[in-house]
**Student:** 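Got a structure for you, written out below as structure tokens; questions coming shortly.
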Amino acid sequence: MMKKFLIGGALAAVSAAVFAQYPTRPVTIIVPFTAGGPTDKVARDLAEALRKPLGGTIIIENVGGAGGTLGAAKVAKAAPDGYTLLLHHIGMATSPALYRSLPYKTMEDFEYLGLVNEVPMTLIGRPTLPANNYAELVKWLESNKGKVNLANAGLGAASHLCGLLLQSTMKSDMTTVPYKGTAPAMNDILGGQVDIMCDQTTNTSGQIEAGKVKAFAVTTTQRLTTPALSKLPTLDESGLKGFNVTIWHGLYAPKGTPAAVLEKVNASLRTALKDADFVKRQEALGAVVVTDSRVGSAEHKKFVQAEIDKWTPVIKAAGQYAD
Ligand code: ASP
């Protein structure tokens, strides 16, 4: 018994020493959506800012599909050694209500490493859409009932959540076109194959600024200050009283990742979130970097639980499920 204990203790000491060197090889951050989309952009900017404090190479792997749940499942099942992390958004908190069953347990299968940023969304349309403002859009939607396509990144994506709320508050029924991320959806908006989309400013601000898409409103209750977006009205002031969707991103590791690794990643994240270039880049895209206690593991986890409690009744009332 004593011998076993000593061997176990020695092994623990060896593995603690191994993890104290972390990282000794590239760290992969899984993005559960396609490359070039809003979450991918946040992940790549964050990887840049994390590289120095973490002290190693960071690889972004895009695992899109099923509104972010495939990528999250891959991380939940990955080896808990710190070499596979997940950058995910509000879908962590909305998927439990949207899916009857998920291939992972949101509150149990992950280590919570800290919140990264908050991102407003925008309602945009194809450049050839005849409406030029929200009031004209409402009229156009009415006269095109049954013919309007709404793009999203699948059930569980932020674009799905926003589109779902939009349809239920506007009392409008559109045909949903799901993609593996809003990067390919944006291509089809630009090409005129789909009509409208509600998407994160990290994906839309550049296209709005360049005048390549029609932009109708922002989803926050306050107008945004980002120059490219400051002229846009809120949906709330446009007539959808109380409409308010802001999404957020957080960093996760598989459950059971050693404490030494979690501490190193969290300390590196705290440094990255203060990186002036990262902050400036996020602000230019309309995102706000988190500076409060939610960069800590316990507060991040508490926040996700609070978001699940907040969105579950809203989603159930809007009435949409997947299997
Ligand atoms: N964040 C997703 C993406 O990167 C889109 C979404 O959530 O709607 O494509």
Side-chain angles (χ1 to χ4, degrees), residues 29-47 60-75 85-99 102 106 115-125 149-167 174 176-190 194-208 213 215 218-220 245-252 281-282 285-288 304 307 311 314-315 318 320 322:
I29 298 182
I30 292 194
V31 170
F33 296 101
T34 45
T39 299
D40 182 69
K41 282 180 198 151
V42 171
R44 284 174 202 272
D45 285 351
L46 182 67
I60 302 293
E61 185 184 335
N62 299 88
V63 182
T69 60
L70 296 184
K74 183 162 182 184
V75 175
L85 305 177
L86 170 71
L87 184 90
H88 200 355
H89 64 17
I90 193 170
M92 272 310 255
T94 54
S95 293
L98 287 163
Y99 286 83
L102 281 175
T106 309
L115 220 59
V116 173
N117 68 1
E118 290 179 304
V119 191
M121 301 189 81
T122 44
L123 178 59
I124 61 162
N149 291 321
L150 171 74
N152 71 26
L155 275 150
S159 46
H160 170 262
L161 173 73
C162 188
L164 178 64
L165 296 182
L166 205 59
Q167 289 182 86
M174 304 172 208
T176 298
V177 186
Y179 295 79
K180 285 188 178 173
T182 48
M186 177 63 91
N187 285 341
D188 279 3
I189 287 272
L190 292 168
V194 279
D195 299 313
I196 59 171
M197 171 162 74
C198 190
D199 195 16
Q200 292 126 82
T201 58
T202 36
N203 200 29
T204 61
S205 53
Q207 306 290 5
I208 292 173
V213 292
V218 294
T219 62
T220 44
V245 181
T246 298
I247 75 122
W248 39 267
H249 290 92
L251 198 60
Y252 307 83
R281 170 106 181 108
Q282 292 298 294
L285 294 173
V288 178
V304 173
E307 285 281 288
W311 288 110
V314 176
I315 290 165
Q320 192 162 342

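Throughout, numbering of the chain's residues begins at 1 and tracks the sequence. Whatever order the structure lists ligands and atoms in, that order sets their numbers, starting from 1.
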**Student:** Can you tell me the protein heavy atom closest to atom 2 (C) of ligand 1 and the distance?
**Tutor:**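 Checked against all protein heavy atoms, atom 2 (C) of ligand 1 sits closest to Phe33 CG, 3.4 Å.
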**Student:** Between Gln200 and ligand 1, does any nitrogen or oxygen pair lie at a separation below 3.5 Å?
**Tutor:**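 Yes.
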**Student:** Is Asp40 close to Ile60 at the side-chain level, that is, under 4.5 Å between some pair of heavy atoms?
**Tutor:**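 When only atoms from C-beta onward are counted, Asp40 and Ile60 do touch, with a gap below 4.5 Å.
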**Student:** Kindly identify the option in Asp199, Asn152, Thr182, Ile90 whose heavy atom sits closest to atom 9 (O) of ligand 1.
**Tutor:**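 That would be Thr182.
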**Student:** Apply side chain to side chain donor-acceptor pair (under 3.5 Å) to the pair Thr246 and Thr220, showing each step before the final yes or no.
**Tutor:** CA-CA 6 Å; Thr246 298; Thr220 44; 5.8 Å; no
**Student:** Can you see which heavy atom on Leu161 is nearest to which on Val245, and at what distance?
**Tutor:**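 Nearest heavy atoms, Leu161 then Val245: CD2-CG1, 4.2 Å.
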**Student:** Under 4.0 Å from any heavy atom of Gly181, which atoms of ligand 1 are there?
**Tutor:** 9 (O)
**Student:** If you count the atoms of ligand 1 from 1 in the order shown, which ones are under 4.0 Å from a heavy atom of Ala153?
**Tutor:** 5 (C), 6 (C), 8 (O)
**Student:** Side-chain contact, heavy-atom cut-off 4.5 Å: Val116 with Glu118?
**Tutor:**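 Val116 vs Glu118: side chains apart.
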**Student:** Hey, does Ala158 come in under 3.5 Å of ligand 1, counting only N/O atoms on both sides?
**Tutor:** yes
**Student:** Against heavy atoms of His89, which atoms of ligand 1 measure under 4.0 Å?
**Tutor:**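 Those qualifying, in numeric order: 1 (N), 6 (C), 7 (O).
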**Student:** Enumerate the atoms of ligand 1 whose separation from the nearest heavy atom of Ser159 is less than 4.0 angstrom.
**Tutor:** 6 (C), 7 (O), 8 (O)
**Student:** Is there a side-chain contact between Thr219 and Leu123 (heavy atoms, below 4.5 Å)?
**Tutor:** no
**Student:** So Thr182 and Asp199, side chain to side chain donor-acceptor pair (under 3.5 Å) or not? Walk me through it.
**Tutor:** CA-CA 7 Å; Thr182 48; Asp199 195 16; 3.1 Å; yes
**Student:** Taking the minimum heavy-atom distance to atom 1 (N) of ligand 1, which of Val31, Thr39, Val119 ranks first?
**Tutor:**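 Nearest heavy atom to atom 1 (N) of ligand 1 lies in Thr39.
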**Student:** So if I count the atoms of ligand 1 from 1 in the order they appear, which ones are less than 4.0 Å from some heavy atom of Ala157?
**Tutor:**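 Under 4.0 Å from Ala157, ligand 1 has these atoms: 6 (C), 7 (O), 8 (O).
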**Student:** When you check the gap from the basic side-chain N to the acidic O, do Lys41 and Asp45 get nearer than 4.0 Å?
**Tutor:**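 Salt bridge: no.
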